[in-house]
Amino acid sequence: MENYSPIFKDLEEKIVSLILEAKTLEDLTEIKNKYLSKKGEFSQLMNKIREASDKKAFGEAFNNSRKVIEDNYNVKFTKLNEDKINEKLKEEEIDITLPGNNYHRGAENPFYKVKKEIEDIFVSMGYTVETGPEVDLDKYVFELLNIPKDHPARDMQDTLYIDNNSLLRSHTSSIQAHVMEKANGKPIKIICPGKTYRRDDDDMTHSHQFAQVEGLVIDKNINLGNLKGTLELFAKKMFSKDAKVRFRSSYFPFTEPSVEVDVSCFACHGKGCPTCKGTGWIEILGAGMVHPNVLKMSGYDPAIYSGFAFGVGIERVAMLRYGIDDIRRFYQSDIRFIEEFNKKVED
């Protein structure tokens, strides 16, 4: 068996020497491309196999020499790569003597805390949450709610028109009108939270924009007792476990009979205090039985179906709940104000 090792030995030693002297990964790459690539100087020696009398011996000598080169290459590559990583880590080393970053924990606006709590209370009673357009047609804002054109009940709400037939909704009852229209005479149990708009003075207790949660239940055998029980449960969960509600006669064009709803003062528990102005009661919302005309216009037979509706101002509830004296504070994005409500108010 012939010895072909000397054919490769000189170039092998040269390449290994260059590998050992390499300072960077780039140097190694150049060596690999020049000598070990398909057309590299060492790889080209394999072409001499055609001249060898013992081709098997020639191939073994070539492979042995190439393995020596590759083993040295791999060792050097690992070392240089580790050196590069360590150097990068050293450059990115964190100075633990520096103070850490302090992240400010935000707080939720009390408006949204109350809105979500109201929604959770009614969802737990089986209501679904419905939304609708803020710019709506006169048909849904007024006409389907028993408020025809030129009706005096429009005086306080007939404002902020986009054109002759559409306006910024003045109550979320317009959502109820949409839902009733689509229900095709089927029972309904919904709440409708959202923004509303009216021409109004901007002062401590009024705003041209505010929010409501309105509720609507339509089914067979619905009565005022169902309404009172619903609102009393809401008052107990929202304000105080011993809360009571009382009805006072009122007028709304879309309900008959209509009532103003008072809740017993949660601050003094009915004894009389500045919060309730000494009366022991706080006016909280409006409600009533759905007017037969509203039922008819939406495809319900008043002889079979009845229902109740109610509406409560979200800001109104939040102001009472947290003792806020100015409605405008909800909209001013004053972080100092918002941070005051970072803790949950317990009963």
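FYI, side chains are in, hydrogens and waters are out, and symmetry mates aren't considered; it's all heavy atoms of this structure.
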- Task: Heavy atoms only: give me the nearest Gly288-Leu227 pair and the separation to one decimal.
- Result: N-CD2, 3.8 Å

- Message: Let me confirm one number: the CZ-CZ distance from Phe252 to Phe310, rounded to the nearest 0.5 Å.
- Response: 13.0 Å

- Heavy-atom side-chain contact between Cys265 and Trp281 under 4.5 Å: no

- Give a yes or no on whether Ile121 and Val129 share a hydrophobic cluster (residues Ile, Leu, Val, Met, Phe, Trp, Tyr; joining criterion: side-chain heavy atoms under 4.5 Å apart). yes

- Message: Could you check whether any side-chain N or O of Ser65 sits under 3.5 Å from a backbone N or O of Ala61, counting only pairs where one atom can act as donor and the other as acceptor?
- Response: no

- Item | Same apolar cluster: Leu145 and Val179, side chain cutoff 4.5 Å | yes

- Judged by atom type as modelled, is there a donor-acceptor pair below 3.5 Å linking the side chain of Arg66 to the main-chain atoms of Phe42? no

- Query: Under the 3.5 angstrom rule, does the side chain of Tyr300 hit a backbone N or O of Lys186 as a donor-acceptor pair?
  - Reply: yes

- Query: Salt bridge or not for Asp138 and Lys149, using N-O below 4.0 Å?
  - Reply: yes

- Query: Should Leu80 and Val75 be counted in the same cluster of Ile, Leu, Val, Met, Phe, Trp and Tyr side chains packed under 4.5 Å apart?
  - Reply: no

- Within 6.0 angstrom of Asn164 CG, more than 12 heavy atoms from elsewhere: no

- Message: Tell me the closest heavy-atom pair linking Val245 and Glu232, and the distance in Å.
- Response: N-OE1, 3.4 Å

- How far apart are the closest heavy atoms of Leu231 and Ala287, and which atoms are they? CD1-CB, 4.2 Å

- Task: Find out whether Ser166 and Leu137 are in side-chain contact, i.e. whether some heavy atom of one side chain is under 4.5 Å from a heavy atom of the other.
- Result: yes

- Message: One thing to verify: whether Lys182 and Glu130 come together as a salt bridge, which I'm taking to mean a side-chain N less than 4.0 angstrom from a carboxylate O.
- Response: no

- Message: Looking at Lys34 and Glu30, is any side-chain nitrogen of the basic one under 4.0 Å from a carboxylate oxygen of the acidic one?
- Response: no

- Message: Any salt bridge linking Asp71 with Lys67? Criterion: basic side-chain nitrogen under 4.0 Å from a carboxylate oxygen.
- Response: yes

- Task: Without swapping roles, check the side chain of Lys189 against the backbone of Tyr127 for a donor-acceptor pair under 3.5 Å.
- Result: no

- Task: For the pair Glu117 and Lys113, find out whether any cationic side-chain nitrogen is under 4.0 Å from an anionic carboxylate oxygen.
- Result: no

- Minimal non-hydrogen separation, Lys39 against Gln44, with atom names: CA-NE2, 3.3 Å

- Message: When you group the ILVMFWY residues by side-chain heavy-atom contacts below 4.5 Å and let the links chain together, are Ile190 and Tyr140 in the same group?
- Response: no

- Item | Pairwise side-chain contact, Tyr35 with Leu11, heavy-atom cut-off 4.5 Å (strictly under) | yes

- Is the backbone of Ser250 close enough, under 3.5 Å, to the side chain of Glu260 for a donor and an acceptor to pair up by distance? no

- Does a donor on one side chain and an acceptor on the other come within less than 3.5 Å for Tyr322 and Glu340? no

- Locate the shortest heavy-atom distance separating Phe142 from Tyr161; write the atom from each residue and the value. CE1-OH, 3.8 Å

- Under a 4.5 Å cut-off applied to non-hydrogen side-chain atoms, are Glu134 and Tyr197 in contact? yes

- Task: Measure up the Phe239 and Phe266 rings against each other and bin them: parallel (under 30°), tilted (30 to 60°), perpendicular (over 60°).
- Result: parallel

- Could you tell me whether Lys79 and Glu82 make a salt bridge, using a distance below 4.0 angstrom between a side-chain N and a carboxylate O? no

- Note on the structure: Correct closest heavy-atom pair for Phe330 and Asn109 would be O-ND2, 3.1 Å

- Message: Under a 3.5 Å distance rule, please check whether Arg198 uses its side chain to pair with a backbone N or O of Ser170 as donor and acceptor.
- Response: yes

- Item | salt bridge (charged side-chain N to carboxylate O under 4.0 Å, His left out) partner of Asp262, the single match among Arg246, Lys277, Lys244 | Arg246

- Assign the ring pair Phe254 / His171 to parallel, tilted or perpendicular, where the plane angle (0 to 90°) is split at 30° and 60°. perpendicular

- Query: Does any non-hydrogen side-chain atom of Pro253 lie less than 4.5 Å from one of Tyr251?
  - Reply: yes

